[in-house]
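Below you'll find the structure, written out as structure tokens, and then a few comments.
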Amino acid sequence: MKKKRGTYVFTMHHGDVGNCPTDRGAGYSNKNIPHSERAEIQSQKFQQGSRYIFKADVSMAKGYATSPKTTIFQVHQWDTKHCKCGPYVMIFFDKSGHLSARILKSHHQHHIRRLGGFTRQDFEERWVELAVDINTDKARAGVTIYVDGKPVHSEPVLVQDGGTIFFKTGLYRHGRISPKLTSDRLFVTDIGYARVN
């Protein structure tokens with residue numbers, strides 16, 4: 001990852017194993033993957049119980065390709081103090097290149113939702129704003145996802161006990177041994193986050 005004049009540039013190649021302690025093995029995500037690959041940054045952590053908005057303008061580099069299930073925007077929560085987190089929302093490109101989201105519905109179990117008709121090509125060589133408006137008050141827990149300023153999906157979300165909330169952007173994907181994964185590049189700028197109430 002590099003930062004150039006306010007813009008983060010994330011580049012990932014086959015075998016770029018992440019620095020999280022769980023990345024060098026199957027971890028919590030999937031017992032059938034050899035490792036996880038990542039190049040990302042994260043925000044400070046906030047207390048659950050309030051409503052938050054997280055946003056960033058993103059652009060995918062032309063001439064690169066995105067592997068299936070490559071995540072580019074996440075809102076996370078810690079559920080223990082020992083590096084075990086259950087993301088509320090993971091925005092990613094599916095195997096067909098469509099923009100989709102995983103929404104947390106039960107402990108480490110997500111439902112997948114397609115986000116409008118957006119594809120990776122819609123993000124190439126142009127800025128697209130992604131935003132997540134999430135209420136972490138358990139009595140009103142829910143999330144709305146915006147793409148290019150338009151609401152594309154809303155539904156309830158699981159808020160786990162004792163967690164903090166934070167935002168991540170960059171490239172994250174499950175690794176594999178063979179065949180090699182494609183190289184990918186993502187640009188991110190104008191990152192913002194705020195507590196609404």
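Residue numbers run from 1 in the order of the sequence given. What's counted below: heavy atoms across the whole structure, side chains too, no hydrogens, waters or symmetry copies.
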Check the angle between the aromatic planes of Phe167 and Tyr193 and answer parallel, tilted or perpendicular using the 30° and 60° thresholds.
tilted

Students often mix this up, so state it plainly: with edges at 30° and 60°, are the rings of Phe46 and Tyr52 parallel, tilted or perpendicular?
tilted

Between [X] and [Y], is any pair of side-chain heavy atoms under 4.5 Å apart?
X: His110; Y: Leu104; value: yes
X: Pro87; Y: Lys168; value: no
X: Asp184; Y: Met60; value: yes
X: Leu130; Y: Phe54; value: no
X: Val143; Y: Ile103; value: yes
X: Val89; Y: Arg102; value: no

Does the side chain to side chain contact (heavy atoms under 4.5 Å, CB included) test come out yes or no for Ile53 and Val196, once each step is laid out?
CA-CA 7 Å; Ile53 295 176; Val196 178; 3.7 Å; yes

Does the side chain of [X] pick up a donor-acceptor pair with the side chain of [Y] at under 3.5 Å?
X: Tyr64; Y: Arg185; result: yes
X: Gln77; Y: Tyr88; result: yes
X: Ser36; Y: His174; result: no

If you apply the rule side chain to side chain contact (heavy atoms under 4.5 Å, CB included), what do you find for Val128 with Asp122, and how did you get there?
CA-CA 8 Å; Val128 179; Asp122 296 316; 5.7 Å; no

Would you kindly confirm whether Leu181 and Phe93 end up in one hydrophobic cluster when ILVMFWY residues are joined by side chain heavy atoms under 4.5 Å apart?
no

Are Val147 and Ile134 linked, directly or through other ILVMFWY residues, by side chains that come within less than 4.5 angstrom of each other?
yes

Taking atom [atom1] of [X] and atom [atom2] of [Y], what is their separation to the nearest 0.5 Å?
X: Gln74; Y: Glu40; atom1: CD; atom2: CD; answer: 5.5 Å
X: Glu125; Y: Ser59; atom1: CD; atom2: OG; answer: 7.5 Å
X: Tyr146; Y: Glu129; atom1: OH; atom2: CD; answer: 10.5 Å
X: Thr66; Y: Gln121; atom1: OG1; atom2: CD; answer: 11.0 Å
X: Ile112; Y: Lys105; atom1: CD1; atom2: NZ; answer: 13.5 Å
X: Leu171; Y: Leu186; atom1: CG; atom2: CG; answer: 5.0 Å

Before giving the answer on salt bridge (charged side-chain N to carboxylate O under 4.0 Å, His left out), spell out for Glu37 and Arg173 the whole-Å C-alpha distance, their side-chain angles and the decisive distance to 0.1 Å.
CA-CA 5 Å; Glu37 301 177 356; Arg173 65 189 182 189; 2.8 Å; yes

side-chain hydrogen bond (donor to acceptor under 3.5 Å, both in side chains) between Asp57 and Thr189, intermediate numbers included
CA-CA 5 Å; Asp57 291 354; Thr189 192; over 6 Å; no

Please report the C-alpha distance between Tyr8 and Phe187 in whole Å, then the side-chain angles of each, then the deciding distance to 0.1 Å, and finally whether the side chain to side chain contact (heavy atoms under 4.5 Å, CB included) criterion is met.
CA-CA 6 Å; Tyr8 291 91; Phe187 304 95; over 6 Å; no

Could you tell me whether [X] and [Y] make a salt bridge, using a distance below 4.0 angstrom between a side-chain N and a carboxylate O?
X: Asp94; Y: Arg114; answer: yes
X: Asp16; Y: Arg38; answer: no
X: Arg51; Y: Asp133; answer: yes
X: Asp148; Y: Arg126; answer: yes

Does the side-chain hydrogen bond (donor to acceptor under 3.5 Å, both in side chains) test come out yes or no for His98 and Thr119, once each step is laid out?
CA-CA 4 Å; His98 289 96; Thr119 67; over 6 Å; no

Going through the distances and angles, do Asp190 and Lys55 end up as a salt bridge (charged side-chain N to carboxylate O under 4.0 Å, His left out)?
CA-CA 8 Å; Asp190 200 15; Lys55 62 89 57 183; 3.1 Å; yes

Any chance NZ of Lys138 has more than 12 other-residue heavy atoms, nucleotides or ligands included, within less than 6.0 Å?
yes

Kindly indicate, with the supporting measurements, whether the criterion side chain to side chain contact (heavy atoms under 4.5 Å, CB included) is fulfilled by Ile145 and Ile91.
CA-CA 9 Å; Ile145 299 171; Ile91 298 176; 3.9 Å; yes

Trace of the ring pair (Phe, Tyr, Trp, His ring centres under 6.0 Å) decision for Phe92 with Tyr172:
CA-CA 9 Å; Phe92 68 100; Tyr172 169 78; over 10 Å; no

Can Lys45 be said to sit on top of Phe166's aromatic six-ring, NZ or CZ under 6.0 Å from centre and within 45° of the ring axis?
yes

